Amino acid sequence: MIENAKYPMPVNIVVAHGLEAKALITILGLERDQASSEFMEYSNSTMLRLIVSGMGKEAIAAAVSYLGKRQALEGAEIRAWLNIGIAGHRDAPIGSAWLGNKITDKGSGTSAYPPQLIEGFQVGSVVTVEEPETLYPLTAAYEMEASAFYAEATKYSTAELVQVFKVISDNLENPISEIDLQTIPDLIAAQAPQIISLINGMSEIAVGHNSSQQLPSCYHEICSKIHLTVSQQLLLKRLCQRYKALGLEDELRRVTDLNASSARQLIQQLTECIDRISEI
Amino acid sequence: MFSTIYIEEEVLESERVKALLDRFSQVPQVVCGRYGEVFNRKSQNFRLQKKAPALILAKKHGKKVLAAPSGYGYNDSKSYYFSHMLNCVYDCRYCFLQGMYSSANYVLFVNFDDFEEAIEEKIKENNGGGVYYSGYDCDSLALEPVSNFCRHFLPVFRRHPNAELEIRTKSTQVRCLLDTEVVSNCVIAMSFTTSEAAQQWEHKVPSIEKRLEALHKLQLAGWKVAIRFEPLILGSEGMAPYESLFTQIFSKLDVQKLHSVSSGLFRMPVDFHKRIVKLYPDEELYARPTETVDGMIALKSAHESSHLLAIEKLLLSYVSSEQYYRCA
């Protein structure tokens, strides 16, 4: 089970409807987050988070913005974003599912193309509409949130880590007007292996990225001890990254332990030291 | 080979595109408006995209043949470059392309006839001459089985014997050349760094031995070959890696027949460097001290001049001064 995973899964899952969330809460071992008031939120100990946005583009953009802004205050690490939801298609079987590799907003006519780094998934087009589509003119999954989700989520993460996964709930033979809403959790649950695999893949990429960007602990210690301007913080951050990349973390600690009298002096000492040691 | 193939609507009916889509029918294919909708968008990450690059089939609009940067070439003739592709299948950590584009996807411009027309116009402007470089924004040969670049462009230069084509590469995909009658005004220029540098920074690149073997075959077949020692990244090991590399290369190839040999230091525009540092803050190469001159960033080294002179002295013990030039 995913809740037993021993590694972090920094993934935000965004669904429009509580019925779409229902199966995911069980599959992913999520618990209701009582602290959240604006949206229904669920999380588990692996850093997985699920938010229920409400239906339509405005609602999902608001939910992504709400969560993205809050997480941006919590730290610099990026998270993956995954929109899971039901969609209609002209003739795709009920219960089939795919990752969107082209998301077209019917209203504006613009398309976005989520980069596909994770292998092994069915892929296809997604069209976002304002009102439920009953004719399905294009060979695409029709739904009501993906374009706004993608546009908003790419403000908080890199495009490679923003994906949409759509499960077909209606088609010409099984029109949207006849959907039994109670079957939605089952449609989502049937995709559990795919969804877990997708979350694993996205987590791996996000964790790898965050690890490459991780600063030595020294950086945070200095920031808590000395007042730094924003530009000094940037200089210090880069200096700490350089020490780490050059395998000089012990030297970094030695210089920072010299108790410089000011941030300016510390940055100067760190710069002189690393340039002296690393110049060929 | 590709995670996805994106196809500009405008080139969907091109024979070249149809053939490629048939060949890669198992790869997901997505039609887009213009390639800029997919390539080089904000919020893209070159480092992440390198994990699974896509191929974008597009039409090149605007200027197709551009003046080469000053100091790029090996003689005083007017020199130009053209890029039928953007980005490279290899993943060299020192490469400026990482800072030039935010996307690691490969863009293949399929309107070869338009490139051909532009090249022929430029040749005409230069009274039949000029030097034309391919491989500035990509590796010209590495995707040859997909692009058929040589098959199209070698005959162009065969028709214009006073114009020179330099194909810059690190690829061993030379079958297309070996199967073709030699084009005497075409030079295959292979780039090398020391074995240590290759191991540390050249990911997915064929080994020095394999590249040398490919060059050897080309030389035996009568093709003009050249060696590019770029970028020179001086290390604490001193001259030993260069001694070893030069011995390896010049004992394998017929030195007298080498078209040219050049060297060039690690340099890149400041903006590119900044972007690469953001992508690879954990990379040792970009943690070294640097200095900026005229908008270009270089590794700061008190001994750079003396090292470079020593490398050149060593090189000139193998090749003649007429064969050698230093790339600015």
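Atoms considered below: every heavy atom in the structure, side chains included; atoms not considered: hydrogens, waters and symmetry mates. From a predicted model like this one, the values you see are computed outputs, not experimental measurements.
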Working for side chain to side chain contact (heavy atoms under 4.5 Å, CB included), residues Asn200(A) and Met9(A): CA-CA 7 Å; Asn200(A) 279 328; Met9(A) 298 188 141; 2.7 Å; yes

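- For the set Val30(B), Leu285(B), Leu299(B), the entry with the most heavy-atom pairs within less than 4.5 Å of chain A is Val30(B).
- When the options Glu143(A), Gln191(A), His89(A) are evaluated for a side-chain hydrogen bond (donor to acceptor under 3.5 Å, both in side chains) with Lys166(A), the one that passes is Glu143(A).
- Residues satisfying the ring pair (Phe, Tyr, Trp, His ring centres under 6.0 Å) criterion with Tyr136(A), sequence neighbours excluded, are absent altogether.
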Leu21(B)/Leu57(B) under side chain to side chain contact (heavy atoms under 4.5 Å, CB included): CA gap, chis, key distance, verdict: CA-CA 10 Å; Leu21(B) 297 184; Leu57(B) 303 174; 4.1 Å; yes

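- In this view, Phe121(A) satisfies the ring pair (Phe, Tyr, Trp, His ring centres under 6.0 Å) rule with no residue, not counting sequence neighbours.
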May I have a table of the donor-acceptor pairs connecting chain A and chain B at distances under 3.5 Å?
from: Lys102(A); atom 1: NZ; to: Val31(B); atom 2: O; distance (Å): 2.7
from: Tyr113(A); atom 1: OH; to: Glu37(B); atom 2: OE1; distance (Å): 2.8
from: Thr154(A); atom 1: O; to: Ser43(B); atom 2: OG; distance (Å): 3.0
from: Thr158(A); atom 1: OG1; to: Ser43(B); atom 2: O; distance (Å): 3.3
from: Ala159(A); atom 1: N; to: Ser43(B); atom 2: O; distance (Å): 2.6
from: Glu160(A); atom 1: OE1; to: Asn45(B); atom 2: N; distance (Å): 3.4
from: Glu160(A); atom 1: OE2; to: Asn45(B); atom 2: N; distance (Å): 3.0
from: Glu160(A); atom 1: OE2; to: Gln49(B); atom 2: NE2; distance (Å): 2.8
from: Gln213(A); atom 1: NE2; to: Lys278(B); atom 2: O; distance (Å): 3.1
from: Arg238(A); atom 1: NH2; to: Tyr286(B); atom 2: O; distance (Å): 2.7
from: Arg242(A); atom 1: NE; to: Ala287(B); atom 2: O; distance (Å): 2.7
from: Arg242(A); atom 1: NH2; to: Ala287(B); atom 2: O; distance (Å): 3.1
from: Glu279(A); atom 1: OE2; to: Ala302(B); atom 2: N; distance (Å): 2.7
from: Ile280(A); atom 1: O; to: Ser301(B); atom 2: OG; distance (Å): 2.7

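- Scanning for side chain to side chain contact (heavy atoms under 4.5 Å, CB included) contacts around Ala245(A) gives Ala287(B), with sequence neighbours left out.
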